[in-house]
There are 2 protein chains.
Amino acid sequence: MVSRRCEYGIRASILIARESLKGNRINLRLISDKIGSPLGYTTKILQSLSNEGILLSRRGPKGGFEIAPEAMETINFHGIIMALDGGQIYSSCGLGLSECSEDHPCPIHEHFNLVRADLNAMVKKANLLQLAHGLINGKTFLNTSKKNTLIKDKKV
Amino acid sequence: MVSRRCEYGIRASILIARESLKGNRINLRLISDKIGSPLGYTTKILQSLSNEGILLSRRGPKGGFEIAPEAMETINFHGIIMALDGGQIYSSCGLGLSECSEDHPCPIHEHFNLVRADLNAMVKKANLLQLAHGLINGKTFLNTSKKNTLIKDKKV
DNA sequence: TCTATTTAGGACAAAAAAGTCTTTTATTAT
DNA sequence: ATAATAAAAGACTTTTTTGTCCTAAATAGA
């Protein structure tokens, strides 16, 4: 549905959001560990998200990544997709036609309308505060293996 | 949403279906021309679809591709995606987690449920007969440039 | 039978996406 | 100041996807 890059980006953001809500900054090594992404690749993704102002980063000992809690409601799945993949993923034609539109629809255009609408609504509705709370409440999970991903508070 | 391979595959299939309804067989050169896909790549895609029994192919002069009209209602978007991309596209987790399920959902699992459901319904509902009729009725279009894609009947 | 046409099949090339590694820069604590 | 830690930045490699090209096999028609 989205690129792997985006998948890692969203997973990382949700994890960082959770830690930020607990008052912790979390570093790259720990992030790639917890979300099961390649460290060197994850670096690039987090850099992009930092440059876009979605994450705050801090170098040096006790450094790492965080997200301002007051920004979490504003940052949604959509924003992260835009930052990492650019705009055209779910806005463009399902058959890749450049001239597809309501007036000049491709054969599956109408069939896709509902899906496209739901998708657009969904990516905007899913914000980081919500998503991080799901993790905190134990209702959702980020791990690949079922082992616990909890990090002791204040002791990153 | 789907791979370019699938996009070409679907576009080609709809075109072939339209021609078959008109009693025409249509060849590779014409297909790649009409749908705006690279000829050498399109060959591979059509071969796959032929091997999966979705298309009928015939070599030699007056050869080309066709689809049995009585099969058109059975062949849907889903079948073509399966033939060309394999199974995992819209069935797997939106965040790429292998252990994501209803019992052990990823953070966006529930958000995705509606989209996933609509998508699944859509790809099964959209069959070739329907899609080809849309073209014939002039309600939908396959072309990139707005030029006419009609082929004279019986004179392929 | 011979030739032209058209798909089948495989090797290869280019481009894009994913991933690795190494050096530099900033920050903290000693 | 110095050493240790962690992100920034960029070069490089691998893998996957997309695309090209060439030869072989089948078929139709003269």
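Note that these values count all heavy atoms, side chains included, but never hydrogens, waters or copies made by symmetry. Order of the sequence lines fixes the chain letters, A, B, ..., with proteins taken first and strands second; residue numbering starts at 1 for each chain.
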Close side-chain approach of [X] to [Y], heavy-atom, < 4.5 Å:
X: L128(A); Y: N76(A); value: no
X: L46(B); Y: F65(B); value: yes
X: L84(B); Y: S3(B); value: no
X: L131(B); Y: M72(B); value: no

At a heavy-atom distance below 4.0 Å, what parts of residues 37-50 of chain B sit against DNA chain C? K44(B), Q47(B)

Between residues 52-65 of chain A and DNA chain C, which residues have a heavy-atom gap below 4.0 Å?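 Under 4.0 Å from DNA chain C: R58(A), R59(A), G60(A), P61(A).
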
Walk me through it: do N127(A) and Q130(A) pass the test side-chain contact (heavy atoms from CB on, under 4.5 Å)? CA-CA 6 Å; N127(A) 69 61; Q130(A) 240 184 30; 3.6 Å; yes

Could you check N51(B) against S3(A) and say which one's nearest nucleotide on DNA chain C is further toward the 5' end? N51(B)

Against I67(A), only a single residue in L56(A), I14(A), L55(A) fulfils side chain to side chain contact (heavy atoms under 4.5 Å, CB included); can you say which? L55(A)

When you look at E102(B) and N113(B), which way does the side-chain contact (heavy atoms from CB on, under 4.5 Å) test go after all the steps? CA-CA 10 Å; E102(B) 290 299 318; N113(B) 270 344; 3.7 Å; yes

Check the orientation of H104(A) and F141(B). Use parallel for under 30°, tilted for 30 to 60°, and perpendicular for over 60°. parallel

Terminal axes of the helix from dT1(C)-dA30(D) to dT30(C)-dA1(D) (five pairs each): angle between them, nearest 10 degrees: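 For the helix from dT1(C)-dA30(D) to dT30(C)-dA1(D), the axes at opposite ends meet at about 0°.
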
Verify, without hydrogens or angle tests, whether R18(A) (side chain) and G134(A) (backbone) share a donor-acceptor contact under 3.5 angstrom.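 No; zero donor-acceptor contacts below 3.5 Å.
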
Look only at the side chain of H111(A) and the backbone of V123(B), and say whether a donor-acceptor pair between them is shorter than 3.5 Å.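 The answer is no, because no donor-acceptor pair under 3.5 Å joins these two groups.
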
Nucleotide interval of DNA chain C bounded by contacts with chain B (heavy-atom cut-off, under 4.0 Å): dA4(C) to dA11(C)

Would L119(B) end up clustered with L114(B) when hydrophobic side chains under 4.5 Å apart are linked, directly or stepwise?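 Each belongs to a different hydrophobic cluster.
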
One pair to check against side-chain contact (heavy atoms from CB on, under 4.5 Å): T140(A) and H109(B). What are the steps and the verdict? CA-CA 8 Å; T140(A) 62; H109(B) 190 88; over 6 Å; no

Nearest heavy-atom approach of G36(B) to R11(B) is O-NH1, 4.3 Å

The test is side chain to side chain donor-acceptor pair (under 3.5 Å); show your working for S32(A) and S37(A) and say whether it passes. CA-CA 5 Å; S32(A) 82; S37(A) 65; 4.9 Å; no

Listed by chain and number, what are the side chain to side chain contact (heavy atoms under 4.5 Å, CB included) partners of R4(A), not counting sequence neighbours?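 By the side chain to side chain contact (heavy atoms under 4.5 Å, CB included) rule, R4(A) matches E7(A), Y8(A).
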
Using the heavy-atom set of chain B and a strict 4.0 Å cut-off, write down the first and last nucleotide of DNA chain D that makes it in, 5' to 3'.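 The protein-touched segment is dT18(D) to dA28(D).
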
